[in-house]
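This is a predicted model, so every value here is computed, not measured.
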Amino acid sequence: MPYTVSVAEARNNFSKIGSEVVRSGTSVTVFRHSKPWLIISPAEGAEASDSDSSAYERELNALLERGNKDLEDGAYVDLAEFMARHPRR
């Protein structure tokens, strides 16, 4: 699946996008005025720095641990309860 962002998104999140491009090896097409303008791709031989991947993994692991703890503690809402609380408009 091709990834796309607007020029504004690329400008505001360039470091994050660049890190993800290098980490995943997937290119991102930047659109300007609803047309493809440029492609952000990893350089040949580029590797994610330990700090990029480590920070990502630490954040992901912390979220997973928090989610597992919530499940163990019964701090969750099942789908039926969620739908009852948030009826469609």
Side-chain angles (χ1 to χ4, degrees):
M1 171 181 186
Y3 292 96
T4 62
V5 295
S6 67
V7 169
E9 287 176 287
R11 180 181 54 241
N12 294 333
N13 300 295
F14 188 77
S15 182
K16 185 183 271 186
I17 291 168
S19 293
E20 183 61 21
V21 164
V22 171
R23 188 190 70 72
S24 68
T26 302
S27 298
V28 173
T29 302
V30 180
F31 275 68
R32 181 178 182 198
H33 304 296
S34 302
K35 296 179 182 172
W37 186 48
L38 59 93
I39 296 173
I40 302 172
S41 297
E44 188 174 320
E47 294 181 14
S49 70
D50 288 338
S51 62
D52 289 343
S53 58
S54 295
Y56 175 79
E57 289 174 13
R58 280 194 305 272
E59 184 177 352
L60 182 59
N61 285 332
L63 289 170
L64 289 170
E65 286 176 23
R66 192 174 77 202
N68 285 334
K69 181 161 180 8
D70 286 347
L71 279 173
E72 290 170 3
D73 294 345
Y76 63 91
V77 177
D78 65 22
L79 181 59
E81 186 176 345
F82 177 84
M83 296 302 288
R85 289 183 186 180
H86 302 88
R88 289 186 175 196
R89 297 177 191 197

Novice: Enter the distance from L71:CG to R66:CZ here, rounded to the nearest 0.5 Å.
Specialist: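 So the gap between those two atoms works out to 12.0 Å.
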Novice: Shortest non-hydrogen contact from A10 to V5?
Specialist: CB-CG2, 4.0 Å
Novice: Would you name the heavy atoms of P36 and T29 that are closest together and state the gap between them?
Specialist: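 For P36 versus T29, the nearest heavy atoms are CB-CG2, 4.0 Å.
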Novice: When you group the ILVMFWY residues by side-chain heavy-atom contacts below 4.5 Å and let the links chain together, are Y3 and F31 in the same group?
Specialist: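 Cluster IDs for F31 and Y3 differ.
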Novice: What distance separates N61 CG from N68 CG, expressed to the nearest 0.5 Å?
Specialist: 10.5 Å
Novice: Do NZ/NE/NH1/NH2 and the carboxylate oxygens of E65 and K69 come within less than 4.0 Å?
Specialist: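 A salt bridge is absent here (no side-chain N lies under 4.0 Å from a carboxylate O).
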Novice: Go through the structure and list residues passing side chain to side chain contact (heavy atoms under 4.5 Å, CB included) with F14, not counting sequence neighbours.
Specialist: I40
Novice: Between CD of E81 and NE2 of H86, what distance do you get to the nearest 0.5 Å?
Specialist: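 Rounded to the nearest 0.5 Å, the CD-NE2 separation comes out at 10.0 Å.
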Novice: Taking atom OG of S6 and atom CG of N13, what is their separation to the nearest 0.5 Å?
Specialist: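 Those atoms lie 9.0 Å apart.
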Novice: Please check: side-chain N/O of E20 versus main-chain N/O of I17, any donor-acceptor pairing under 3.5 Å?
Specialist: no
